[in-house]
Q: 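Submitted below is the structure of interest, expressed as structure tokens.
Below, chains carry the letters A, B, ... as their sequence lines are ordered, and counting in each starts from 1.
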Amino acid sequence: MEYNFKTVEKKWQKFWKENNSNHTVIDQSKPKFYVLDMFPYPSGAGLHVGHPLGYIASDIYARYKKLCGYNVLHPMGFDSFGLPAEQYAIQTGQHPAITTEENIKRYREQLDNIGFSFDWDREVRTSDPEYYKWTQWIFIRLFDSWYNRLTNKAEPIETLISHFRNHGNVDADIPSGEADYFSSEEWLDFSEKRQQEILLKYRLAYISEATVNWCPILGTVLANEEVKDGVSERGGYPVEKKKMKQWSLRISEYAQRLLDDLEGIDWSDSLKEQQRNWIGRSEGAEVNFKVHGTDFAIEVFTTRPDTIFGATFMTLAPEHELVEMIVTPEYRNEVMNYVFEAKNRSERERMADVKRITGNFTGAYAIHPFTNEKIPVWIGDYVLAGYGTGAVMSVPAHDSRDYAFARHFKIPIQEVVRGGNIDVESYDAKDGKLINSDFLNGLSVKDAIKKAIDAIEKKGIGKGKINFRIRDAVFGRQRYWGEPIPVYYKDGLPFTVDEKDLPVVLPEVDKYLPTEDGEPPLARAKDFSYKGFPLETTTMPGWAGSSWYFLRYMDAKNQNQFASSQALDYWKDVDLYIGGAEHATGHLLYVRFWTKFLKDLGFIHIDEPAKKLINQGMIQGRSGFVFRKKDSNVFISNGLKNNYETTAIHVDINIVENDILNINAFKNWREEYKNAEFVLEDGKYFCGTEVEKMSKSKWNVVSPDDMIDKYGADCLRLYEMFLGPLELSKPWNTNGITGTSNFIRKLWRLFHKQNGAESVISISNESPTKDELKVLHKTIKKVKEDIERFSFNTSVSTFMICVNELTDLKCNKHAILEPLTIILSPYAPHIAEELWQMLGHADSITKAVFPEFNEEYLIESAFTYPVSVNGRTKINLPLPLSLSKEDIETSLLKMDEVTKLLNGQSPKKIIVVHGRIINIVI
RNA sequence: GCCCGGGUGGUGGAACUGGUAGACACGCAGGACUUAAAAUCCUGUGAUCAUUGCGAUCGUGCGGGUUCGAUUCCCGCCCCGGGUACCA
């Protein structure tokens with residue numbers, strides 16, 4: 001009997017379920033290990049073969065760690081708030097909760113079929129009120145906190161209030177940058193309303209009038225992280241800038257810590273680099289330039305204060321508030337037109353033609369603080385209102401954008417760092433000696449920066465300053481299917497709902513669309529109020545629930561806390577996190593932010609959510625094509641298509657095997673192909689192929705269910721790992737799956753022998769031979785090393801070699817097969833369980849212990865081996881391959897022999913690597 | 001433009017700290033078994049030349065360098081993938 005994966009897999013999945021095999025509880029006697037996957041959004045399309053890739057890897061690792069004696073937390077859940085369910089609801093009127101529930105059910109089935117060892121008792125769903133109650137609770141904590149820049153952490157708002165009472169705010173920076181200072185007396189005199197308004201400028205969750213990314217088609221605002229190339233990340237709809245009252249989270253206060261703590265975590269370089277760029281720290285100085293004939297001063301930010309003597313003009317962003325005040329009457333019209341145009345250009349347009357240089361002279365002049373020369377003030381849209389101070393001192397000689405602007409408008413260019421040829425291009429490098437710069441002359445750029453900042457500070461015209469690119473995260477969404485923000489309004493001011501009244505549940509609405517006056521869908525709900533006051537009608541963004549879910553898994557059913565301190569202290573942080581790199585500047589930044597915030601308030605004791613992160617690659621689709629001869633129902637095989645005039649048509653990749661079309665299936669695929677005719681090559685129809693994104697419309701979606709039906713879950717698991725390195729993106733190609741399928745069958749045959757027509761279990765109790773032990777221990781060593789460095793593809797190869805060698809040795813010995821089965825079980829859990837039972841064990845293999853390898857069996861025993869001479873020609877040395885230290889000594893003594901082999905030439909130098917002669921130099 | 005990552009057979013990919021390049025698998029070719037097919041097993045498979053046996057030469061994107069020895073390290077260039085985009 002061949003291996004019947006269908007009955008075996010069902011049998012063990014049932015067994016695991018009935019015995020609750022994957023449930024984990026806190027066990028102080030064992031070290032913990034937390035393996036986490038990024039949880040999926042349960043879409044209507046179900047899983048395709050690309051989705052489980054990361055889950056298979058994490059499952060292998062989790063099972064491996066379990067066998068190594070760790071108490072492993074390996075949970076799964078659903079990121080179940082999101083746009084598709086809502087859009088479906090808008091179209092059909094069906095409540096998103098219902099579609100979401102159905103989709104989750106389908107996902108769960110698919111995941112179970114693959115045989116994952118998730119602890120489903122800990123399942124979380126972000127759209128479950130029992131879960132989002134705590135998301136709302138964290139929001140309230142954010143609202144009730146401020147960032148103390150002296151202690152460098154978040155503190156309860158009460159500490160700020162008492163500070164105001166005693167000292168006012170003269171000694172504290174205002175995070176929002178507004179300079180309205182007050183004394184303690186003034187604070188006490190303020191009305192409650194005024195006090196609350198001031199506190200809003202400090203709260204980590206705050207509402208403010210701000211320029212936001214508005215997506216009219218989605219009808220909602222988006223965070224910077226959700227906008228890519230001027231269009232929404234989801235759906236690709238255009239995004240425009242708009243001023244709106246918005247909830248935001250003050251992530252910018254955490255910029256430095258988010259940057260610094262990247263050092264201590266084991267994430268990929270590219271991902272850390274993306275986060276660094278996103279945070280965008282730049283060191284420099286803020287300098288004030290007086291505007292000639294007025295009391296105004298233009299404040300600029302520059303990273304190159306050393307080049308201040310090269311500043312030949314100033315440029316303001318069109319939106320800069322000073323523009324209107326300093327523009328001279330004769331330029332007013334031109335300038336205001338320019339400002340108007342610039343404001344109305346969408347982000348998209350502005351990005352599309354970065355090369356276009358536009359700007360306008362304002363008629364005003366600034367006074368250079370060191371030379372007292374008058375330098376013209378321009379406006380230009382290459383200066384961004386949202387970064388730095390929205391104004392720059394333009395140094396065309398040493399900044400390529402200023403250079404282009406100066407060239408275009410014929411503004412003088414003054415070289416101050418020697419290095420390039422400024423007649424051709426700007427010299428931006430921070431390398432060279434200062435010239436034409438008064439007291440900076442002769443200094444290197446590095447020293448000049450320091451000296452310039454000193455001089456600027458001494459003169460009282462500015463100070464050294466660090467700027468970050470990262471903006472606060474917009475937190476409100478004008479959508480239905482998200483967590484309600486637990487806030488109500490009294491007297492126009494926001495207050496949070498009492499903790500005991502959480503969760504604020506999503507109200508029923510008649511439609512999932514905005515109201516006629518453009519209010520969010522929640523405004524449709526009847527009596528959506530709290531204690532008679534109106535509740536906030538925007539909801540939280542998709543990333544709210546995912547910013548802390550890893551903590552909820554630790555104690556998923558806790559009714560009184562987001563997780564008990566006992567659970568938090570035991571499980572601490574994620575040891576291995578696997579998920580897609582596309583979350584680099586979204587989820588992975590927010591989850592770090594919330595972790596740091598919760599730590600500041602003392603709820604958890606970790607700085608970072610995940611010690612190690614691995615980004616699995618994307619699996620692309622491999623589309624198949626048939627070629628229809630023009631105006632006919634005749635299809636031409638790929639190799640012959642150039643002889644005809646043909647059109648390529650996507651064909652369902654599931655009726656193509658090894659690029660050969662299943663002609664009968666094709667005829668049945670669609671009515672119109674029923675009578676199709678074919679021009680074949682060697683009696684076969686070869687399809688054309690192309691790598692594209694996996695999508696329904698391209699007919700290249702391969703479902704894991706089909707693969708499991710055909711080859712079994714273990715085969716799918718092995719094959720997905722065998723495809724290549726986990727991090728690599730690659731097209732799905734079913735062609736090679738027979739390899740892993742053969743492997744499983746070969747393994748099965750090791751335990752069975754043919755008895756006539758019948759095959760019977762055959763396991764020998766004889767003691768293994770040296771060769772057999774060598775095969776086993778080699779395999780254990782390699783597999784262990786490979787799992788530990790996440791090289792799952794090579795360990796699958798190792799298994800294949802092992803089974804091939806055991807087959808050659810006809811080895812069916814218990815003593816070999818038992819440990820082999822254990823080390824295989826993370827990869828192919830179903831067959832491993834079956835074999836484990838066959839070997840006579842009543843317990844599940846998950847209770848077994850990962851075997852240790854024994855170095856002794858690995859020593860080579862060959863007696864001649866090839867050695868290079870001068871790195872080229874090879875001779876065979878009659879010496880053991882593996883040498884101990886003493887062996888090397890003696891082998892050196894045998895150099896007479898070597899000399900003989902080298903036709904009498906004596907070796908100059910002998911290179912020994914890993915106790916083995918590699919090369920002889922003569 | 002800038003910042004990361006990467007270029008190895010017909011294909012996916014191995015080669016861990018510089019030490020026998022191409023493991024393993026797919027595909028292909030030939031053979032065994034079979035009435036036949038499937039399944040299974042065996043042999044070959046980087047290129048060129050020689051195949052009467054041992055073989056010989058070239059070969060990890062291109063050009064150079066370091067080294068007894070380079071897919072691996074260094075310099076210059078080309079190409080591909082990802083991120084980012086006027087961030088002063």
Q: Whole Å only: how far is the CD atom of Gln275(A) from the P atom of C4(B)?
A: 16 Å
Q: Let me have a per-nucleotide readout for nucleotides 41-46 of chain B, 5' to 3', with B, S or -, counting only protein heavy atoms under 4.0 Å.
A: S-----
Q: If anything within 90° of 0 is syn and all else is anti, what is G9(B)?
A: syn
Q: Applying the Watson-Crick and G-U wobble criteria at under 3.5 Å, what pairs with A85(B)? Answer none if nothing qualifies.
A: none
Q: Mind calculating the distance between CD1 (Ile308(A)) and C1' (A88(B)) to the nearest angstrom?
A: 13 Å
Q: Considering just the side-chain nitrogens and oxygens of Asn793(A), establish if one lies under 4.0 Å of OP1 or OP2 belonging to A25(B).
A: no
Q: Do Phe792(A) and Ile787(A) make a side-chain contact, defined as non-hydrogen atoms from C-beta onward lying under 4.5 Å apart?
A: yes
Q: Parallel, tilted or perpendicular for Tyr719(A) and Trp732(A), by the 30°/60° rule?
A: perpendicular
Q: Quick one: Asp402(A) CG to G1(B) P, roughly how many Å, whole number?
A: 20 Å
Q: Suppose we define a pair by two distances each less than 3.5 Å, Watson-Crick or G-U wobble; what does G76(B) pair with here?
A: C62(B)
Q: I'd like the C1' distance from G27(B) over to G9(B), given in whole Å.
A: 12 Å
Q: Which residue, Ser729(A) or Ser270(A), contacts RNA chain B at a nucleotide closer to its 5' end, judged by nearest heavy atom?
A: Ser270(A)
Q: Is any side-chain N or O of Ser282(A) closer than 4.0 Å to OP1 or OP2 of A88(B)?
A: yes
Q: When you compare G13(B) with A85(B), how far apart are their C1' atoms, in angstrom units rounded to a whole number?
A: 35 Å
Q: If you assign Thr798(A) and Asp269(A) each to the RNA chain B nucleotide with the nearest heavy atom, which residue ends up on the more 5' nucleotide?
A: Asp269(A)
Q: Restricting to nitrogen or oxygen on both sides, can you table the protein-nucleotides 7-12 of chain B pairs closer than 3.5 Å?
A:
unit_1, atom_1, unit_2, atom_2, d
G12(B), O2', Leu723(A), O, 2.7

Q: Kindly say if Arg745(A) contacts the phosphate of U40(B), meaning a side-chain N or O under 4.0 Å from OP1 or OP2.
A: yes
Q: If you measure from the Lys or Arg side-chain nitrogens to the Asp or Glu carboxylate oxygens, is any gap between Glu785(A) and Lys781(A) under 4.0 Å?
A: yes
Q: If you check every side-chain atom of Arg789(A), which of C26(B), C16(B), C3(B) has the closest atom?
A: C16(B)
Q: Which nucleotide, A15(B), C4(B), A88(B), lies nearest any side-chain atom of Glu273(A)?
A: C4(B)
Q: Just by distance, do the side chain of Asn467(A) and the backbone of Gly284(A) share a donor-acceptor pair under 3.5 Å?
A: no
Q: Under a 3.5 Å cut-off for both distances, is A47(B) Watson-Crick or wobble paired, and to whom?
A: U57(B)
Q: Report the distance from atom CG of Leu726(A) to atom P of G13(B), rounded to the nearest whole Å.
A: 13 Å
Q: P atom, G6(B) versus C74(B): distance in rounded Å?
A: 12 Å
Q: Which part of the nucleic acid, if any, lies within contact of Asp786(A), taking any heavy atom under 4.0 Å across all strands shown: a base, the sugar-phosphate backbone alone, or nothing?
A: nothing
Q: Quick one: Glu785(A) CD to A23(B) P, roughly how many Å, whole number?
A: 20 Å
Q: Can you tell me the distance, in whole Å, between the NZ atom of Lys465(A) and the P atom of A88(B)?
A: 13 Å
Q: Locate the shortest heavy-atom distance separating Trp378(A) from Gly359(A); write the atom from each residue and the value.
A: CE3-C, 4.4 Å
Q: Could you check which nucleotide pairs with A38(B) in any of the strands shown, counting Watson-Crick or G-U wobble with both distances under 3.5 Å?
A: none
Q: Below 30° counts as parallel, above 60° as perpendicular, anything between as tilted: where do the rings of Tyr382(A) and Phe405(A) land?
A: tilted
Q: For the C1' atoms, the ones on G69(B) and on G81(B), what distance do you get once it is rounded to whole angstrom?
A: 33 Å
Q: Should C26(B) form a Watson-Crick or G-U wobble pair with both distances under 3.5 Å, which nucleotide is its partner?
A: G10(B)
Q: Quantified in whole Å, what is the P atom distance between nucleotide G59(B) and nucleotide A70(B)?
A: 11 Å
Q: Is there a donor-acceptor pair under 3.5 Å between the side chain of Ser394(A) and the backbone N or O of Pro396(A)?
A: no
Q: Can you tell me how far P in A38(B) sits from the matching atom in U45(B), rounded to whole Å?
A: 25 Å
Q: Mind calculating the distance between CZ (Phe792(A)) and P (A14(B)) to the nearest angstrom?
A: 14 Å
Q: What is the separation between atom OH on Tyr719(A) and atom P on A25(B), rounded to the nearest whole Å?
A: 14 Å
Q: Would the number of heavy atoms belonging to other residues, nucleotides or ligands and lying under 6.0 Å from CG of Asp808(A) be above 12?
A: yes
Q: What contact category does Arg276(A) fall into here, base, sugar-phosphate, or nothing, at under 4.0 angstrom with non-hydrogen atoms?
A: nothing
Q: Start with the C-alpha gap between Asp472(A) and Ser252(A), add the side-chain angles, then the distance that decides, and say whether side chain to side chain donor-acceptor pair (under 3.5 Å) holds.
A: CA-CA 5 Å; Asp472(A) 284 344; Ser252(A) 59; 2.6 Å; yes
Q: Applying side chain to side chain contact (heavy atoms under 4.5 Å, CB included), can you list everything that pairs with Arg281(A), at least two apart in sequence or on another chain?
A: Gln256(A), Leu259(A), Glu283(A), Ile466(A), Phe468(A)
Q: Donor-acceptor check, side chain of Ser729(A) to backbone of Met618(A), threshold 3.5 angstrom: yes or no?
A: yes
Q: Could you measure between the two C1' atoms, the one in A32(B) and the one in A39(B), and give it in whole Å?
A: 14 Å
Q: Report yes if some heavy atom in the side chain of Pro305(A) is under 4.5 Å from a heavy atom in the side chain of Val287(A); otherwise report no.
A: no
Q: Roughly how far apart, to the nearest Å, are A25(B) and U20(B) at atom C1'?
A: 22 Å
Q: Of the nucleotides G27(B), G13(B), A88(B), which has the atom closest to the Asp399(A) side chain?
A: A88(B)
Q: When both hydrogen-bonding distances must be under 3.5 Å and the geometry is Watson-Crick or G-U wobble, what is A70(B) paired with, if anything?
A: none
